[in-house]
Engineer: 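Below are the C-alpha cells for one structure; questions will follow.
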Protein chains: 2
Amino acid sequence: MSLPHVLLGLLSRGPASGWDLHARMSRDPSLGWDADLAQIYPALRLLLRGGFIAMKRRRSVKGPARREYRVTSAGLREFREWLAEPPGLPRTKDTALARLAFLEKLRPVDRRARLVAYRGLVAEALRAAAPVSTAAKRRRRALLETELAWVDAEAMLLAVQAGDG
Amino acid sequence: MSLPHVLLGLLSRGPASGWDLHARMSRDPSLGWDADLAQIYPALRLLLRGGFIAMKRRRSVKGPARREYRVTSAGLREFREWLAEPPGLPRTKDTALARLAFLEKLRPVDRRARLVAYRGLVAEALRAAAPVSTAAKRRRRALLETELAWVDAEAMLLAVQAGDG
DNA sequence: CGGCAGTATATGGAGAGTTATATACTTTCC
DNA sequence: GGAAAGTATATAACTCTCCATATACTGCCG
C-alpha cells in the first residue's frame, strides 16, 4: 500500500491535481514509484474521504475543471509515519531483467543482439536523467551508469569468447 | 504476463516441482522475478493444460507427493519467443526507494538513520550474493556495490553539511 | 467549420499479486 | 504418544495494477 503514501509525499511538496501527480511520477523515475491515472483518481478519492487531503476545484486554462489537492495535517502525520517504517527490499519484478537472466539460453549471436537492445534502453534512460540534484537522482544515475558498464563488459566477454571459438 | 515464461525458463534448466521453483526464485534475486506459491500453482496448472509443460507425480522424501514438471517442446518454443520479444524498462515500483526519495522531508538526524538502515539491507544482500558466475549475478553484484557506494556518499555529504551548520 | 492534439476527470473489467487458511505426510525432539 | 518443524499442494478472498474506454473543454490548423 504505497501509492497513497507516495501521493501524500508528492502533495507535501505542493498542491496538485491527479493529472499533475501522474505527470510528476512518470517524469521522475528516481522517485521509485509510478502509477496509472486510473489508479491515482480512486486513490485520491479515498485519501480525501479519510481526511488526509483537501480538495478545491479550479478552472483549467485548457480543458475541464481541475481538482487541486493539498495535504492536511492528518495526511502529513500519516506520511511521516510511513516514512519512519523500517525499510525492506521489495520483491523484484522486472521483465527485462528476467529475460537477461536467461541469456545463456540463446546462441551467442542472439545474446549479443539482446545486450545491444538493452544497452540502447539504458543509454536512453541515462540521457533522460537530468543533471544531478537530489539524492534519489544521484542514486538513479549511478545505477544506470553501472548497468551500462555491465552491459559493455558482458558484450566484451562475448566478443572474446567468439574469438577463442 | 511474465511469470509463466519465467517458470518455463527455470524448467528449461531442469525438472522441478512448484515448491522447487519457488525456492529457486526466492533464492536467486539476480533472476529478476519472484512469486508467491499461491501464484505459482495456478500458473503451473495453466501451463500444463496448455501443453507447455508435462507433469509426473513422485513420492517425496518428506511430505506429500510432489508434482514434478518439465518443459515440452511447445513450452520451449513459447519460451524462446518470449525471450526474443523486444525488451522494455518496467514501471518502477519500489517502496524502499520511494521512501528514500522523500529523504529531504526528514530532519538530518533521521535522514542519517534512514540511510544507515538502508545500508544494512544492501550490505546484507551483497553478502548473500554468491561469488560471481553468471552474467545476471555479475549484474546484481555490481548494482548492489553501486548502491552501497551511493549510500556512503550521501551519508558523507550529510556529515559535511552538519559540520557546516 | 471540423478534426486533431492536449488537458483533465472518471469507470469497468481483466489480470496480476498477496494474505490467509487448509490439508497432508515425515522426521525429530521431548 | 504428541507437538513442532519442514516439505508440499491447493484454494478463497482480497487488493493492486493495467488497459480500454468515455466524457468534456480548449486552442490550433487547414
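All chains are named by letter (A, B, ...) in the order of the sequence lines, taking the proteins before the strands, and each is independently numbered beginning at 1.
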Engineer: Look at the side-chain N and O atoms of A:R66 and state whether any lies under 4.0 Å from the OP1 or OP2 oxygen of C:dA8.
Structural biologist: yes
Engineer: Look only at the side chain of B:K93 and the backbone of A:D34, and say whether a donor-acceptor pair between them is shorter than 3.5 Å.
Structural biologist: yes
Engineer: Tell me, which of residues 15-23 of chain B have any heavy atom that sits under 4.0 Å from an atom in DNA chain D?
Structural biologist: B:S17, B:G18, B:W19
Engineer: Produce a footprint string for nucleotides 22-30 of chain D: one letter per nucleotide, 5' end first; B if the base is under 4.0 Å from any protein heavy atom, S if only the sugar-phosphate is, - if neither.
Structural biologist: --BBB----
Engineer: What side-chain hydrogen bond (donor to acceptor under 3.5 Å, both in side chains) pairs are there with at least one residue in residues 22-31 of chain B, not counting sequence neighbours?
Structural biologist: B:D28-B:S30
Engineer: Is the shortest heavy-atom distance from the side chain of B:L7 to the side chain of B:I53 under 4.5 Å?
Structural biologist: no
Engineer: Show which side-chain atoms of residues 101-118 of chain A pair as donor or acceptor with protein atoms under 3.5 Å away, not counting sequence neighbours.
Structural biologist:
from: A:E104; atom 1: OE2; to: B:R13; atom 2: NE; distance (Å): 3.1
from: A:E104; atom 1: OE2; to: B:R13; atom 2: NH2; distance (Å): 3.2
from: A:K105; atom 1: NZ; to: B:S12; atom 2: O; distance (Å): 3.2
from: A:K105; atom 1: NZ; to: B:S12; atom 2: OG; distance (Å): 3.4
from: A:R107; atom 1: NE; to: A:D110; atom 2: OD2; distance (Å): 3.2
from: A:R107; atom 1: NH2; to: A:D110; atom 2: OD1; distance (Å): 3.4
from: A:R107; atom 1: NH2; to: A:D110; atom 2: OD2; distance (Å): 2.7
from: A:R111; atom 1: NE; to: A:L103; atom 2: O; distance (Å): 3.3
from: A:R111; atom 1: NE; to: A:L106; atom 2: O; distance (Å): 3.2
from: A:R111; atom 1: NH2; to: A:L106; atom 2: O; distance (Å): 2.9
from: A:R114; atom 1: NH1; to: B:L83; atom 2: O; distance (Å): 2.7
from: A:R114; atom 1: NH1; to: B:E85; atom 2: O; distance (Å): 3.2
from: A:R114; atom 1: NH2; to: B:A84; atom 2: O; distance (Å): 3.3
from: A:R114; atom 1: NH2; to: B:E85; atom 2: O; distance (Å): 3.1
from: A:Y118; atom 1: OH; to: A:E147; atom 2: OE2; distance (Å): 2.7

Engineer: List the steps and the verdict of side-chain contact (heavy atoms from CB on, under 4.5 Å) for B:F79 and B:V71.
Structural biologist: CA-CA 10 Å; B:F79 173 65; B:V71 270; over 6 Å; no
Engineer: Measure CD1/A:I40 against C1'/D:dC18 and give the value in whole Å, please.
Structural biologist: 12 Å
Engineer: With sequence neighbours left out, which residue pairs that include part of residues 41-61 of chain B fulfil the side-chain hydrogen bond (donor to acceptor under 3.5 Å, both in side chains) condition?
Structural biologist: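 Residue pairs with at least one partner in residues 41-61 of chain B: B:R58-B:E68.
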Engineer: Same cluster or not: A:L31 versus A:L143, using hydrophobic residues (I, L, V, M, F, W, Y) connected whenever any side-chain heavy atoms lie under 4.5 Å apart?
Structural biologist: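 They do not share one cluster, since no chain of ILVMFWY contacts under 4.5 Å joins A:L31 to A:L143.
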Engineer: Answer whether the closest heavy-atom distance between the side chains of B:R140 and A:L97 falls below 4.5 Å.
Structural biologist: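 A side-chain contact under 4.5 Å is absent here.
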Engineer: Under the side chain to side chain contact (heavy atoms under 4.5 Å, CB included) rule, collect the residues that match up with A:A54, sequence neighbours excluded.
Structural biologist: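 Partners of A:A54 under the side chain to side chain contact (heavy atoms under 4.5 Å, CB included) test: A:R70, A:T72.
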Engineer: For A:R80, look at atom CZ and say whether over 12 heavy atoms of other residues, nucleotides or ligands are found less than 6.0 Å away.
Structural biologist: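 Result for CZ/A:R80: open.
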Engineer: Nearest whole Å is fine: how far is C:dA24 C1' from B:L37 CG?
Structural biologist: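 Distance check: B:L37 CG to C:dA24 C1' gives 15 Å.
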Engineer: Does the side chain of A:P4 reach to within under 4.5 Å of the side chain of A:L46, using non-hydrogen atoms?
Structural biologist: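 Contact flag for A:P4/A:L46 side chains = no.
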Engineer: What's the CZ-P distance between B:R24 and D:dT7, to the nearest Å?
Structural biologist: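 That distance rounds to 15 Å.
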Engineer: Tell me, please, which residues at least two apart from B:T95 pass side chain to side chain contact (heavy atoms under 4.5 Å, CB included).
Structural biologist: A:S2, A:W33, A:W82, B:R99
Engineer: Pull out every residue in residues 77-84 of chain B that has a heavy atom closer than 4.0 Å to any atom of DNA chain D, ordered by number, or say none.
Structural biologist: none
Engineer: From NZ of B:K56 over to P of D:dA8, roughly how many Å is that when rounded to an integer?
Structural biologist: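 About 17 Å, once rounded to whole Å.
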Engineer: Is A:R58 near enough to C:dA8 that one of its side-chain N or O atoms lies under 4.0 angstrom from OP1 or OP2?
Structural biologist: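 Looking at the OP1 and OP2 atoms of C:dA8, neither is under 4.0 Å from any side-chain N or O of A:R58.
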Engineer: Can you pull every protein N or O that's under 3.5 Å from an N or O on nucleotides 17-19 of chain C?
Structural biologist:
from: C:dG17; atom 1: OP2; to: B:Q39; atom 2: NE2; distance (Å): 2.6
from: C:dG17; atom 1: O5'; to: B:Q39; atom 2: NE2; distance (Å): 3.4
from: C:dT18; atom 1: OP2; to: A:R91; atom 2: NH1; distance (Å): 3.4

Engineer: Please give, in whole Å, the distance from D:dT17 P to A:D94 CG?
Structural biologist: 16 Å
Engineer: Name every donor-acceptor pair, under 3.5 Å, that has one atom in a side chain of residues 122-134 of chain B and the other anywhere in the protein, sequence neighbours excluded.
Structural biologist:
from: B:E124; atom 1: OE1; to: B:R127; atom 2: NH2; distance (Å): 3.0
from: B:T134; atom 1: OG1; to: B:K137; atom 2: N; distance (Å): 3.2

Engineer: Mind checking salt bridge (charged side-chain N to carboxylate O under 4.0 Å, His left out) for B:E78 and listing every partner two or more places apart, or none if nothing turns up?
Structural biologist: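 B:E78: no salt bridge (charged side-chain N to carboxylate O under 4.0 Å, His left out) contacts found.
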Engineer: Specify the separation, in whole Å, of atom CD of A:E68 and atom C1' of C:dT9.
Structural biologist: 14 Å
Engineer: Could you check which residues of residues 41-48 of chain B get a heavy atom under 4.0 Å from DNA chain D? Sort them by number, please.
Structural biologist: B:Y41, B:R45
Engineer: If you define the side chain from C-beta out and look only at heavy atoms, does anything of B:E154 sit under 4.5 Å from B:L100?
Structural biologist: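 Side chain of B:E154 against side chain of B:L100, heavy atoms only: no contact under 4.5 Å found.
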Engineer: After noting the C-alpha distance and the side-chain angles of B:E81 and B:R77, does the key distance pass the salt bridge (charged side-chain N to carboxylate O under 4.0 Å, His left out) rule?
Structural biologist: CA-CA 6 Å; B:E81 268 169 43; B:R77 198 156 44 234; 5.5 Å; no
